[in-house]
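Some notes on the structure that comes next.
All ligand and atom numbering here is 1-based and tracks the order in the structure.
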Amino acid sequence: MNAEERTTALRSLIEKLHARVPLYRERMNDRGVTPEDFRSLDDLRRFPFTVKQDLRDNYPYGLLACDRTELARLHVSSGTTGKPTVVGYTRRDLDAWAEAVKNCMATAGVRPDDIVQIAFGYGLFTGGLGIHDGAQALGATVIPASGGFSERQLLLMQDLGTTVIACTPSYALHLADLIDEKGLKLNLRLGIFGAEPWSEELRRKIENRLGITAIDIYGLSEVMGPGVAVECAHQQGLHLEDGLFHAEIIDPETGEPLPEGEEGELVLTTLGKEGMPLLRYRTRDITRILPGRCACGRGGTRIARIRGRSDDMLIIRGVNVYPSQVETALGRVDGLSLHYLLEVSDREGLKELTVCCEPSDHLNRDAAALLARRSQQELLGLLGVRVGFRLVEPGSLSRSEGKAARIRNVA
Ligand code: DLL
């Protein structure tokens, strides 16, 4: 899509939202803009954002741009606080989503002769059904395993000859532990992992332990689900589904667009969505748009792997810390597993962080003390701030079957 086509698509989206969704009409009125004010891509910054709270405030159907009867499916995310968020898809939206995931699968290296085991949750979460429709559209053989029931996952992998596994990276690590424990020899060659932030270090661990290539896939239910962006075999950033989304990077504090290449919050506008199109949706995900062309030769927008969500950023004695950076540090220490948890406490209004991590093996006291010291040094070096560190018993931290909960608030 060239700049002119993109401008036309955005203009027609803005017109549609103004005509059909009261929230957008009011917001545009408040900002003193009308659809006629959108003439070039630069004008987009004058138009209002959408945030997650808008979905909650307009629960369940208030942001629809079509009649409810035109909806073919609803996905709902539970959310830890307040009302859930509801996303409606028309038949055409579902087809476009399947096409996007199909493209992503192909970009990731999935082939029609692959056996794809989908261990993302099926149901209200977009992961399972989203990947399913795309992998099926590609012509692969799909095993809709859904999340959890790890013993059964292994049995299916072994007996059915699974070549591609799709799940969260934290669950992939858990499966790798079980596969090692049982000494299984599998046919896996590729993993499609996403739905949570994960470091380069975790990627290498998963790749080495499972003997596969691990590909990062990104998405969020508000704008679609999985399939917004994906890596190719070069693993040099994620290719955005340019025909369906327009990306901006903004300063999360000021809301102003940042110059190309700078890291900030990803803002996505849906192009061509019918059920619940969104204008300038603030994802809270921190990334940057990569300059230049990927070694694979594909053009279009490429984003860096997601550093984390701005909501998950901790400020420890004035220093910004993302869980993914902690993971990077832990991943550089030999002898640590990447099963970890960040314990955060509040001392007189200041946050304190203690990183808990399991060693890869049981250790005697001296070896544990040495490993803890090395870990603390690596954390200090990478984060630039001293944080607490505690080794915990192997196997003692809870394993995730979906998105790992990395932060625990303690008194
Ligand atoms: O997690 C959709 C999805 C399913 C993506 C399967 C990829 C694979 P939500 O539950 O709405 O949707 O959560 C979206 O998860 O805003 C990010 O914070 C995070 N996230 C998703 N993919 C990645 C990724 C699905 N590859 C939220 N890297 C997003 C880092 C990710 N964070």
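For ligand 1, residues of the protein lying within 4.0 angstrom by heavy-atom distance are F120, F125, T126, G127, G194, A195, E196, P197, D216, I217, Y218, G219, L220, S221, E222, P226, D285, I306, R309, K403.
Applying the side chain to side chain donor-acceptor pair (under 3.5 Å) definition to pairs two or more places apart or across chains, those involving residues 62-72 are D67-T69.
Aromatic ring centroids of F125 and H75 lie 6.0 Å or more apart.
E378 is linked by a side chain to side chain contact (heavy atoms under 4.5 Å, CB included) to A329, R332, V333, counting only residues two or more places apart in sequence or in another chain. Remark: F193 pairs with W198 by the ring pair (Phe, Tyr, Trp, His ring centres under 6.0 Å) rule, at least two apart or across chains.
A cation-pi geometry, defined here as NZ or CZ lying under 6.0 Å from the six-membered ring centre and within 45° of its normal, holds between R282 and F49.
Residues D242 and R6 are paired through a salt bridge, judged by an N-O separation under 4.0 Å between the basic side chain and the carboxylate.
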